[in-house]
Asker: 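I have a structure I would like to understand better, so I am pasting it below and will then ask my questions one at a time.
Quick note on labels: first sequence line is chain A, next is B, and so on, each numbered from 1. The structure presented is a predicted model; accordingly, all values stated were derived computationally and were not measured.
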Amino acid sequence: MTVRTRFAPSPTGSLHIGGARTAIFNCLFARHAGGSFVLRIEDTDQTRSTQESIDEILDAMEWLGLNWDEGPFRQSERLDIYREHAEKLLESGKAYRCFVTPEELQDRRKEAQERGGVFRYDRKWAEENAGPDKPYAIRLLTPDEGTIEVDDALRGKVSFEATEIEDFVILKMDGFPTYNFAVVIDDATMEITNVIRGDDHLINTPRQALIYGALSLEMPQMAHVSMILGPDGKRLSKRHGATSVTDYRAEGYLPEAVVNYLVRLGWSFGDQEIFSLDELVEKFTLDNVGKSAAVFNPEKLEWLNSHYLRSKPPEKIAGLLIPLLNEKGIHSEVDEKLVKIVRELTQRAKTLNDIADSLDYFYTDQITYEDKADNKFFKPEILPVLEDITQGLTSLEDFTIENMKEVFERVMAERELKLGKIAQPVRVALTGGTVSPGIFEVMDILGKDEVLDRLNKAVSHISAK
RNA sequence: GUCCCCAUCGUCUAGCCUGGCCCAGGACAUCGGCCUUUCACGCCGAAAACAGGGGUUCAAAUCCCCUUGGGGACGCCA
C-alpha cells in the first residue's frame, strides 16, 4: 500500500508555527516513503473560515517548499459525501436525529458549570422539540460501557473509557459535518494511510475510532506529536509574539531556516543540527520523533537563519533583498555592488531585515556622523593622518584592496600608528559610525571617487570644529 | 472536577525500546580566551541536566509503581 499523508488546516487564521511543523512532518513522511502528500482545507466552520486565510496558508506552504501532490480539497465542497455517510448511519441505527437546539445545550452547559458540575448530554433529550419541520442534528450512538483502544505510532496503545464519550454530533443542523466526522470520512475516502497531527487531537481519536467502526472503515496509522510551547510553558499563541509562518517571513527569515528549526522541534538525527530539505526527506522517520512538548526558542531559529544567510550564495540573498530595499526607497538591482555588500553584511546579520537595515551608508551621498563616533574619533590630531590617507589613495591608479593596504601601511609606518588608530576614524568618515565590515572592503564597495569624497568631507568637518 | 499525554543542562535534544561503554554526548543561549581593523565570523575552553520516592537487578537516565510538576481535552470549533 502506498503511503498517503495529509495536512488539514482550518482556514481561520494564518499558518501557525505548530501547524507548519505538522505539515512538514507529514510532507517528509510521505516523501521519505515515496508516497503522496495531500492538502485538505477544513472549512466546515462557516462563521470563521475565510478565503484570505486559505490564500495565506497556501502561500506560506509554498514558501516553505512544502509542495502537495493533491488538493487543496475543501470540505465545504464535499457536503454531499458527509451527508450520505451520515444517512447510512441513520439507516443502520448507529446514529439518530437530535432536535435539541444548540442554544439550549449552551444554556444547560452554562448551568452545569455554574453549579460546579460538568455538562453531560443525555440521549433521552433527543426528541425534545421534535416536529415535522424542525431542524435536527445527527448524533452518533456511542457505547455505554467498555473501553476504546487506540494505537498510536508514537505512544503505543492508549485506552479510553466508553463512559467518557457521550453521543456526539456528527452532522450539524446547518448540514455541515463536525470536525470528527469530516476527518474520518475524508481520511477514509482519500485513502490516507498515515496521520501525523498535534497532541491535542489524541483525545478525539477514540471518537473517530467509533465512527470508523460504525462505518466499517479502517483507521489510518495515527501519530500524535506533542505541542509547541511558549517560553512560559503554555501552548504557543499570539501573545508570545510572532507565531505564524508569515510573521517570520516578514521578519526576514529564510524558509530553509524555518523548516530546519521546526523539524528539529521534536525530531532529531543524532547530533546533527543542519539539514537540507533533501536530507530531511532521506532521514525523516517517526522513530526519531520524541513525545514530549517542546518550547519554542527564537534564539536558535536566529542562529539557523544566520547560518543559512552565510551559506547561501550572495547573489541569491541579494535577490531576496531587492523588495526590502525598494521599500526603503533604495532602488537597487542585483549588481556587483549589492553582491559585495551582501557578502560582507551576511556575516553579521541574523535576518534579511538586519541586512536591509544596515546598508544605508552604501547608498547615500550624505552621511551623518553619530555623535559618539564624531567626538571620539574626529579629533584635531587625526587631521594630518586623514589627509595623508586621502592623498595616498588619490594617487592610486588601481583602487584595489591590496593597493589601499599599502597606502595605509605607509602612513602607519610614517606616523608610527597602529592600524586600529587609523581605521576607526576612516570608518567614521566613510560610514558615519563605528561598526561596519572591514575598512578595505568598505572602500572597495564604495569605489575611489566616493571614498575620496567622504574623506574630504570628514577633513573639512573636523577642520570646522 | 473528570479523562488523556508527557518528564535528561535555561532551551532543543542524544542515550531509554534491546539495563553495564554515561561521575550522561551535541547544539542554541551564557561566561572566559584566542584571532583582530570596529562589529561580526571562526577557533579553543568553562559552567550547566537524568523531577522526587519506592521497588526489580550484581548493576538503572534506561524496566515497574507511586507522588509531584507540566501540557492537552471535556463544543452543532478545528
Asker: Answer with yes or no whether Arg427(A) presents, from its side chain, a donor or acceptor under 3.5 Å of a partner atom in the base of rU37(B).
Answerer: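 Answer yes: a donor N or O sits under 3.5 Å from an acceptor.
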
Asker: For a quick check of understanding: with a heavy-atom distance under 4.0 Å over all strands, which category does Leu202(A) fall into, base, sugar-phosphate or nothing?
Answerer: sugar-phosphate

Asker: Take the protein atom CD1 of Ile211(A) and the nucleotide atom P of rA78(B), then report the distance between them rounded to whole Å.
Answerer: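 One finds 12 Å between P of rA78(B) and CD1 of Ile211(A), rounded.
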
Asker: Using atom CZ of Arg139(A) as one end and atom C1' of rC76(B) as the other, report the distance to the nearest whole Å.
Answerer: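 Whole-Å distance recorded here is 7 Å.
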
Asker: Any base atoms under 4.0 Å from Thr47(A), or only sugar-phosphate, or nothing? Heavy atoms, all strands.
Answerer: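 No contact.
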
Asker: Using OP1 and OP2 only, check whether a side-chain N or O of Arg109(A) sits under 4.0 Å from rC76(B).
Answerer: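 The answer is yes; a side-chain N or O of Arg109(A) sits under 4.0 Å from OP1 or OP2.
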
Asker: Below 6.0 angstrom between ring centroids: does that apply to Tyr261(A) and His307(A)?
Answerer: no

Asker: Any side-chain N or O of Lys234(A) below 4.0 angstrom from OP1/OP2 of rG71(B)?
Answerer: yes

Asker: Ignoring hydrogens and angles, answer whether the base of rC41(B) and the side-chain atoms of Arg348(A) contain a donor-acceptor pair closer than 3.5 Å.
Answerer: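 No, no donor-acceptor pair under 3.5 Å.
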
Asker: Would you say the ring centers of Phe25(A) and Phe284(A) fall short of 6.0 Å from each other?
Answerer: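 So the answer is yes for these two rings.
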
Asker: Nearest whole Å is fine: how far is rC39(B) C1' from Phe377(A) CZ?
Answerer: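 One finds 12 Å between C1' of rC39(B) and CZ of Phe377(A), rounded.
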
Asker: How close or far is atom C1' of rG75(B) from atom CD of Gln46(A), stated in whole angstroms?
Answerer: 16 Å

Asker: Looking for any heavy atom pair under 4.0 Å, which part of the strands does Val118(A) touch: base, sugar-phosphate only, or nothing?
Answerer: base

Asker: Have a look at Ile439(A) and say if it touches a base, only the backbone sugar-phosphate, or nothing, with a 4.0 Å heavy-atom cut-off.
Answerer: base

Asker: Do side-chain atoms of Asn26(A) reach the backbone of Val195(A) as a donor and acceptor pair under 3.5 angstrom?
Answerer: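 Absent.
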
Asker: Are Thr434(A) and Lys372(A) close enough that some pair of their side-chain heavy atoms sits under 4.5 Å apart?
Answerer: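 The answer is no; the side chains never approach within 4.5 Å.
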
Asker: Is the shortest side-chain N/O distance from Arg310(A) to OP1 or OP2 of rG42(B) below 4.0 Å?
Answerer: yes

Asker: Does any N or O donor sit under 3.5 Å from an N or O acceptor when you compare the side chain of Asp199(A) with the base of rG72(B)?
Answerer: no

Asker: Look at Lys300(A) and rU11(B) and indicate whether a side-chain polar atom (N or O) is within less than 4.0 Å of OP1 or OP2.
Answerer: no

Asker: Base, sugar-phosphate alone, or nothing: which one does Lys418(A) contact when heavy atoms must sit under 4.0 Å apart?
Answerer: nothing

Asker: Determine the contact category for Gly233(A): base if any of its heavy atoms lies under 4.0 Å from a base atom, sugar-phosphate if only primed atoms, P, OP1 or OP2 are that close, otherwise nothing.
Answerer: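 Sugar-phosphate only.
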
Asker: Mind calculating the distance between CD (Glu441(A)) and C1' (rU37(B)) to the nearest angstrom?
Answerer: 10 Å

Asker: Looking only at the side chain of Leu419(A) (C-beta and beyond, no hydrogens), which of the listed nucleotides rG26(B), rC4(B), rU37(B) gets closest?
Answerer: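 Nearest listed nucleotide: rU37(B).
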
Asker: Give one of base, sugar-phosphate or nothing for Pro231(A), where a contact means two heavy atoms less than 4.0 Å apart.
Answerer: nothing

Asker: Quick check, are the ring centers of His240(A) and Phe296(A) under 6.0 angstrom apart?
Answerer: no

Asker: The side chain of Gln347(A) lies closest to which of these nucleotides: rG26(B), rG72(B), rC41(B)?
Answerer: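 Nucleotide nearest to Gln347(A)'s side chain: rC41(B).
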
Asker: In whole angstroms, how far is the P atom of rU36(B) from the CZ atom of Phe440(A)?
Answerer: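 One finds 14 Å between P of rU36(B) and CZ of Phe440(A), rounded.
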
Asker: Please classify the nucleic acid contact of Ser268(A) as base, sugar-phosphate, or nothing, using heavy-atom distances under 4.0 Å.
Answerer: sugar-phosphate

Asker: Can you confirm if the NZ or CZ of Arg139(A) lies within 45° of the ring axis of Tyr121(A) and under 6.0 Å from the centre of its six-membered ring?
Answerer: yes

Asker: Quantified in whole Å, what is the C1' atom distance between nucleotide rA27(B) and nucleotide rU8(B)?
Answerer: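 About 15 Å, rounded to a whole number of Å.
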
Asker: Could you state the atom-to-atom distance from CD of Gln424(A) to C1' of rC39(B) in whole Å?
Answerer: 9 Å

Asker: Compare the minimum distances between each of rU11(B), rC77(B), rU13(B) and the side chain of Ala294(A), then state the nucleotide with the smallest one.
Answerer: rU13(B)

Asker: Between rG26(B) and Glu273(A), counting only base atoms on the nucleotide and side-chain atoms on the residue, is there a donor-acceptor pair under 3.5 Å?
Answerer: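 Answer is yes: a donor-acceptor pair is held.
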
Asker: Need one value for Gly290(A): base, sugar-phosphate or nothing, where a base atom within 4.0 Å counts as base even if backbone is also close, heavy atoms only.
Answerer: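 It contacts nothing in the nucleic acid.
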
Asker: Rounded to whole Å, how long is the line connecting atom CZ of Phe119(A) with atom C1' of rC3(B)?
Answerer: 17 Å

Asker: Could you check which residues of residues 164-188 of chain A get a heavy atom under 4.0 Å from RNA chain B? Sort them by number, please.
Answerer: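 Within this stretch, Glu164(A), Val169(A), Lys172(A), Met173(A), Thr178(A), Tyr179(A) sit under 4.0 Å of the strand.
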
Asker: Classify the nucleic acid contact of Arg48(A) as base, sugar-phosphate or nothing, counting any heavy atom under 4.0 Å across all strands shown.
Answerer: base

Asker: For Ser292(A), report the nucleic acid contact type (base, sugar-phosphate, nothing); a contact means any heavy atom under 4.0 Å.
Answerer: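 It contacts sugar-phosphate atoms only.
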
Asker: Nearest to the side chain of Trp303(A), heavy atoms from C-beta on, is which of rC28(B), rC12(B), rA78(B)?
Answerer: rC28(B)

Asker: Using a heavy-atom cut-off of under 4.0 Å over every strand shown, decide if Ala137(A) touches base, sugar-phosphate, or nothing.
Answerer: base

